[in-house]
Enquirer: 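Pasting a structure below so you can have a look.
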Amino acid sequence: MRAHPAGPLHADVVADHASVARPTSADELNRLSPAVWPTGAHRNADGALEIGGVDVRDAVSAFGSPLFLFDEDDLRTRARRYRTAYVDAGARLVYYAAKAFLSTTVARWVTEEGLGIDVASGGELAVALRAGVPGDRLLMHGNNKSMAEIEAAVEAGVGRIVIDSFEDIVRIADAAGRAGVVQPVLVRVTLGVGAHTRVFIATAHEDQKFGLSVASGAAEEAVRRIAKLPSLDLMGLHSHIGSQIFDAAGFQVAAARVVTVAQRIWDEQGIEIEELNLGGGMGIAYLESDDPLDVPDMALQIGDIVGKECAAAGIPMPALAFEPGRAIVDVSVDGGMSDNIRTALYDAEYSVTLASRASKAEPVLCRVVGKHCESGDIVVRDAWLPADISPGDLLAVAATGAYCRSMASNYNYLPRPAVVSARAGELAVVLRRETLDDLLQLDPGA
Ligand SMILES: Cc1ncc(COP(=O)(O)O)c(C=O)c1O
């Protein structure tokens, strides 16, 4: 059975099962869990959702729907919380993982809050530089960096380039040599530890495309080759085990394995691993039932684990670095698979609420689907929404700041939505809405 369309979305009533519990009262149905929604998000006297002091109905009137809406203060607070907690736990620098979402505005905010930025392409590098982020606060990733991307990074004086392959070593050494600089690098190691959505798996094999294998000896061979190249400065090792990590257990296994590698490099090659970057993946609450560890607790536990492993291995404690992405950005959206592919792609779960008003109607178990020509075009698989949702109502989906706009597509020729920020009752454009003209400009025959 199909319920009433709400804005550009459709809420299908699903009868079979619920992964989320049925609200027992209208108050519970309208409640905004602080675990999921930005700090300060509330319903105003009309029952409408307010974020950053802005009524979402006003945001949609001004910028259209679907819309990504950031709470600037919430984002800055998260950035500060991560920087402080991880620096206290021994981090030299905490990088914001720009792949979660990047624009010049967000690059400036996180830089002002003391974070570096991890960029994964020449495009992300260009945005960060355009925002005025100093090169030495940037770190560049990429499993297949082009020569042009490497040259741009070297020219910008990027603080770290993460080596992902033997080709990277040759290319980065060449670019740095030609530029007459010594480029600091990290070697990304694959450890056979993977984390994704609350489970982590530790195996002896490494079935993924990133990094140099520890098991095969490739990681240590990379260190050997880098040490011979005068235009490269090996700062240390990098490991990223995955996403939505809710406790320190995954990091514990990764840290134990990476410290073993550092010890072998010290024993066999006499090279000290001075910096250890443990990547991102710190989990956030998409659902009220998600329960990530407190930020300082997680930071302290990880710092403690690395300290103990190094003491046991008899090697000096390296400086740490981290790359949280989704834990920094958190916004709300309505739309379909072109602006939120995560549900279709890997069954991501979200919290959704009726944003334009509160309702006393009975909760109905719904599936929030988009407008695309795909049966997998699902935004929220299971959600309790009031039965009286009707055309023109607005739905808001929490925690869509990370990996939604950045993975957005123009499928079905839908222009990508605007991104706006709200602060103290004021709205500001972070990225303007794409227009059909923007898309037609790509077509020389149009
Ligand atoms: C190397 C690296 N660092 C950091 C991140 C950020 O992860 P998250 O947003 O889960 O914190 C990613 C995400 O894919 C990554 O690949």
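Start at 1 and go down the list; that is how both ligands and their atoms are numbered.
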Enquirer: Would one find more than 12 heavy atoms of other residues, nucleotides or ligands at under 6.0 Å from atom CD of Glu426?
Expert: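 Not more than 12 within 6.0 Å, no.
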Enquirer: Below 3.5 angstrom, do we get any N/O pair linking Gly325 and ligand 1?
Expert: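 Gly325 vs ligand 1: N/O contact under 3.5 Å present.
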Enquirer: Aromatic contact between His240 and His141, with the criterion being ring centroids under 6.0 Å apart: yes or no?
Expert: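 No - the distance between ring centres of His240 and His141 does not fall below the 6.0 Å cut-off.
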Enquirer: List every atom of ligand 1 that sits less than 4.0 Å from any heavy atom of Gly280, numbering the atoms from 1 in the order shown and giving each element.
Expert: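 Those qualifying, in numeric order: 3 (N), 4 (C), 11 (O).
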Enquirer: Please identify which atoms of ligand 1 are closer than 4.0 Å to at least one heavy atom of Asp118.
Expert: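 Ligand 1 atoms under the 4.0 Å threshold to Asp118: 3 (N), 4 (C).
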Enquirer: Go through the steps for Arg171 and Ser165 under the test side chain to side chain donor-acceptor pair (under 3.5 Å), then give the verdict.
Expert: CA-CA 10 Å; Arg171 289 176 171 182; Ser165 63; over 6 Å; no
Enquirer: Parallel, tilted or perpendicular for Phe70 and Phe101, by the 30°/60° rule?
Expert: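 The rings of Phe70 and Phe101 sit tilted, inter-plane angle from 30° to 60°.
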Enquirer: Can an N or O of Gln244 be found at a distance shorter than 3.5 Å from an N or O of ligand 1?
Expert: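 No - when backbone and side-chain N and O of Gln244 are compared with those of ligand 1, no distance drops under 3.5 Å.
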Enquirer: Using a strict 4.0 Å cut-off to heavy atoms of Ala97, name the atoms of ligand 1 that fall inside it.
Expert: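 Listed by number with element, the hits are 4 (C), 5 (C), 6 (C).
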Enquirer: Once rounded to the nearest 0.5 Å, what's the spacing between atom NZ of Lys145 and atom CG of Asp168?
Expert: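 The CG atom of Asp168 is 3.5 Å from NZ of Lys145, to the nearest 0.5 Å.
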Enquirer: Counting heavy atoms only, which part of Ala100 comes closer than 4.0 Å to ligand 1: side chain, backbone, both or neither?
Expert: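 Looking at Ala100 and ligand 1, no heavy atom falls under 4.0 Å.
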Enquirer: Going by the order shown, which atoms of ligand 1 are within less than 4.0 Å of some heavy atom of Arg188?
Expert: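 It comes down to these atoms of ligand 1: 1 (C).
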Enquirer: Taking atom CZ of Arg130 as the centre, does the number of heavy atoms from other residues, nucleotides or ligands within less than 6.0 Å exceed 12?
Expert: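 No, the 6.0 Å shell around CZ holds no more than 12 heavy atoms from other groups.
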Enquirer: Among all protein heavy atoms in this structure, tell me which lies nearest to atom 15 (C) of ligand 1, with the distance rounded to 0.1 Å.
Expert: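 Here the nearest protein heavy atom works out to Lys99 NZ, 3.1 Å.
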Enquirer: Measure the distances from the heavy atoms of Gly281 to every atom of ligand 1 and state whether one is below 4.0 angstrom.
Expert: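 Yes; Gly281 lies near enough to ligand 1 that a heavy-atom distance drops under 4.0 Å.
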Enquirer: Can you give each donor-acceptor pair under 3.5 Å made by side-chain atoms of residues 155-162, sequence neighbours left out, with the distance rounded to 0.1 Å?
Expert:
unit_1 : atom_1 : unit_2 : atom_2 : d
Arg160 : NE     : Glu275 : OE1    : 3.2
Arg160 : NE     : Glu275 : OE2    : 3.0
Arg160 : NH2    : Glu275 : OE1    : 2.7

Enquirer: Which residue owns the protein heavy atom closest to atom 6 (C) of ligand 1, what's the atom, and how far is it?
Expert: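 It is Tyr403 OH, 3.3 Å.
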Enquirer: Looking at Pro324, which atoms of ligand 1 are within less than 4.0 Å of one of its heavy atoms?
Expert: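 It comes down to these atoms of ligand 1: 11 (O).
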Enquirer: Taking N or O atoms only and a 3.5 Å limit, does Arg326 qualify as a polar contact for ligand 1?
Expert: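 Yes, since at least one N or O of Arg326 sits under 3.5 Å from an N or O of ligand 1.
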Enquirer: Among all the protein's non-hydrogen atoms, which is closest to atom 3 (N) of ligand 1, and how far away is it?
Expert: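 For atom 3 (N) of ligand 1, the nearest protein heavy atom comes out as Glu323 OE1, 2.6 Å.
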Enquirer: Measuring from atom OG1 of Thr111 to atom CD1 of Ile117, what distance do you get when rounded to the nearest 0.5 angstrom?
Expert: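 These two atoms lie 4.0 Å from each other.
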Enquirer: Assess whether a salt bridge exists between Lys371 and Asp377, defined as any Lys/Arg side-chain N lying under 4.0 Å from an Asp/Glu carboxylate O.
Expert: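 No, this pair does not count.
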Enquirer: For ligand 1, note which part of His240 has a heavy atom under 4.0 Å away: side chain, backbone, both or neither.
Expert: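 Side chain only.
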